[in-house]
Number of protein chains: 2
Amino acid sequence: MNQQAIDILKNHQLSITASRASILALFIKSKKALSHNTIEHKCSPAFDRVTIYRTLALFIEKGIIHNIPTADNTTLYALCKNECTAGHHHDEHIHFICDDCGTTTCLEETDIPKIKLPKGYKAFEVQMVVTGTCGHCV
Amino acid sequence: MNQQAIDILKNHQLSITASRASILALFIKSKKALSHNTIEHKCSPAFDRVTIYRTLALFIEKGIIHNIPTADNTTLYALCKNECTAGHHHDEHIHFICDDCGTTTCLEETDIPKIKLPKGYKAFEVQMVVTGTCGHCV
DNA sequence: GTAACTGCAAAATATTTGCATCCTT
DNA sequence: AAGGATGCAAATATTTTGCAGTTAC
C-alpha cells in the first residue's frame with residue numbers, strides 16, 4: 001500500500017481500507033484529475049462502482065479531493081492541497097483542460113487574479129477553468 | 001409567440017416550432033441559467049423530455065446558448081451574447097452562482113482578467129465560476 | 001467485539017437512440 | 001410535397017439506497 005495514501009487517510013481520521021488507499025494512490029500517482037469511470041477501470045483489483053461513489057463522496061466531504069466543473073459537465077475529481085479542511089474547500093487555483101491530450105490538471109502555482117464584481121455582489125469561492133494546450137502537447 | 005425568440009431562430013436559419021420558441025422565450029424572460037429540469041417544468045404546454053434535450057443540443061451547436069460548468073456538476077444552460085457563432089463560443093464572462101437564492105447568472109459586464117499560465121501553456125477558452133451572494137440577496 | 005466498510009441487488013434518475021407521425025417551409 | 005421536428009417507447013448510462021456479510025481497530 002502506498003504510504004503517502006495511508007498518511008493522508010490517517011491525517012483525516014479515516015480507517016485504512018484497500019479501496020480507499022488504492023483510489024488515493026491513483027490520484028497521487030497520476031497527478032491529474034480523474035473521472036469515476038477512469039478510477040473504476042484503473043484500480044486493480046477492481047472495486048465496486050458503488051464503493052467508488054461512496055469513497056469519492058467521503059473524500060470530498062473530508063477535503064481530500066475536490067470536484068472540477070468542466071465545460072462538458074463530466075464529473076472530475078482531483079486532490080486538494082493541504083489547506084483544504086472538511087466542509088470548506090479552498091481551491092482557488094486554475095484548472096487546465098488540454099484539448100490535445102484531454103488531461104485535466106490543477107495549476108497550483110497559478111493564482112486566480114482578483115476580480116471586481118458588480119455592486120452588492122460578494123464572492124465566496126472562485127473557480128476558473130481554462131481550456132487550451134498544455135506544456136507537454138506543444 | 002415571443003417575437004425576440006422568433007428573430008433569434010430566424011437569424012440562425014432554424015425552423016420556427018413551438019418548442020424552440022417556447023424554450024428560447026423562457027431563457028429570454030428569466031434572464032438566468034436554467035437546467036433541463038426547470039425547462040421541462042416551466043414550459044406550458046409541456047414538451048417531451050427528449051425534445052428538450054435535442055433542442056438544447058441544437059441551441060448549443062448553433063451558438064444560441066452555452067452550458068455552464070457548476071461546482072456540483074449539474075448541467076445549466078444560459079443564453080449567449082451575440083458574438084457567439086456556431087461551433088465557436090466566446091463566453092469569456094463570469095458565471096455567478098448565488099448561495100442564497102440558488103440563481104446562476106452571467107455577469108456579462110464583468111470581464112475575466114488576463115491570467116499568466118506556466119511556460120508552454122496556451123489558453124483557448126476561459127471559464128470562471130464565482131459562488132457567493134448576489135446583489136438581490138444582501 | 002463492535003462499528004464501520006464493502007459488495008450485490010435493485011431502485012431512481014439522467015441521457016441517448018430508433019422509428020412512426022406530424023409540422024414547417 | 002419533402003425534409004425536418006416531435007413524441008413515444010425503449011435502450012443505455014449514471015447515481016442512490018438498502019441490506020447482509022466482511023473487515024479495521
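Since the structure is predicted, the reported quantities are computational estimates derived from the model, not experimental observations. Within every chain, numbering begins at 1; the chains are lettered A, B, ... in the order of the sequence lines, protein sequences first and strands thereafter.
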Please give, in whole Å, the distance from [N] [atom2] to [X] [atom1]?
{"X": "B:L58", "N": "D:dG3", "atom1": "CG", "atom2": "C1'", "answer": "15 Å"}
{"X": "A:Y77", "N": "D:dT15", "atom1": "OH", "atom2": "P", "answer": "6 Å"}
{"X": "B:E40", "N": "D:dC8", "atom1": "CD", "atom2": "P", "answer": "12 Å"}
{"X": "B:L56", "N": "C:dT16", "atom1": "CG", "atom2": "C1'", "answer": "14 Å"}
{"X": "A:K10", "N": "D:dC25", "atom1": "NZ", "atom2": "P", "answer": "8 Å"}
{"X": "A:L9", "N": "D:dC25", "atom1": "CG", "atom2": "C1'", "answer": "14 Å"}
{"X": "B:I16", "N": "D:dG3", "atom1": "CD1", "atom2": "C1'", "answer": "16 Å"}
{"X": "B:I60", "N": "C:dT15", "atom1": "CD1", "atom2": "P", "answer": "11 Å"}

**Study point:** Contact nearer the 5' end of DNA chain C, comparing B:R49 with A:A46
**Key:** A:A46
Please determine whether a side-chain nitrogen or oxygen atom of [X] lies at a distance below 4.0 Å from atom OP1 or OP2 of [N].
{"X": "A:N37", "N": "D:dT14", "value": "yes"}
{"X": "B:T17", "N": "C:dT24", "value": "no"}
{"X": "A:T51", "N": "C:dG7", "value": "yes"}

Review point. Closest nucleotide of DNA chain D for B:D48 versus for A:V50: which of these residues is on the 5' side?
Key: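 Its nearest nucleotide being more 5', the pick is B:D48.
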Can a donor-acceptor pair be found between the side chains of [X] and [Y] at a distance below 3.5 Å?
{"X": "A:S19", "Y": "A:R54", "answer": "no"}
{"X": "A:H66", "Y": "A:H95", "answer": "yes"}
{"X": "A:T70", "Y": "A:T74", "answer": "yes"}

**Study point:** Closest non-hydrogen atom pair between A:F96 and A:T133, with its separation
**Key:**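 It is CZ-O, 3.5 Å.
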Exercise for review: Pick base, sugar-phosphate or nothing for A:R54, based on heavy-atom distances below 4.0 Å to the nucleic acid.
Suggested key: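 Counting heavy atoms under 4.0 Å across all strands, the contact made by A:R54 includes a base.
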Check your understanding: Contact class for B:R20 (heavy atom, under 4.0 Å): base, sugar-phosphate, or nothing?
Key ->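 Answer is sugar-phosphate: B:R20 comes under 4.0 Å of backbone atoms only.
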Point to revise | Which nucleotide in D:dA5, D:dT15, C:dT15 has an atom nearest any side-chain atom of B:S15 | key: D:dA5
Check your understanding: Between D:dT6, C:dA14, D:dT15, which nucleotide has the shortest distance from any of its atoms to the side chain of A:Y53?
Key -> D:dT15
**Study point:** Sole residue of B:Q4, B:K10, B:Q3 in side-chain hydrogen bond (donor to acceptor under 3.5 Å, both in side chains) with B:D7
**Key:**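 Single pass found, and it is B:Q3.
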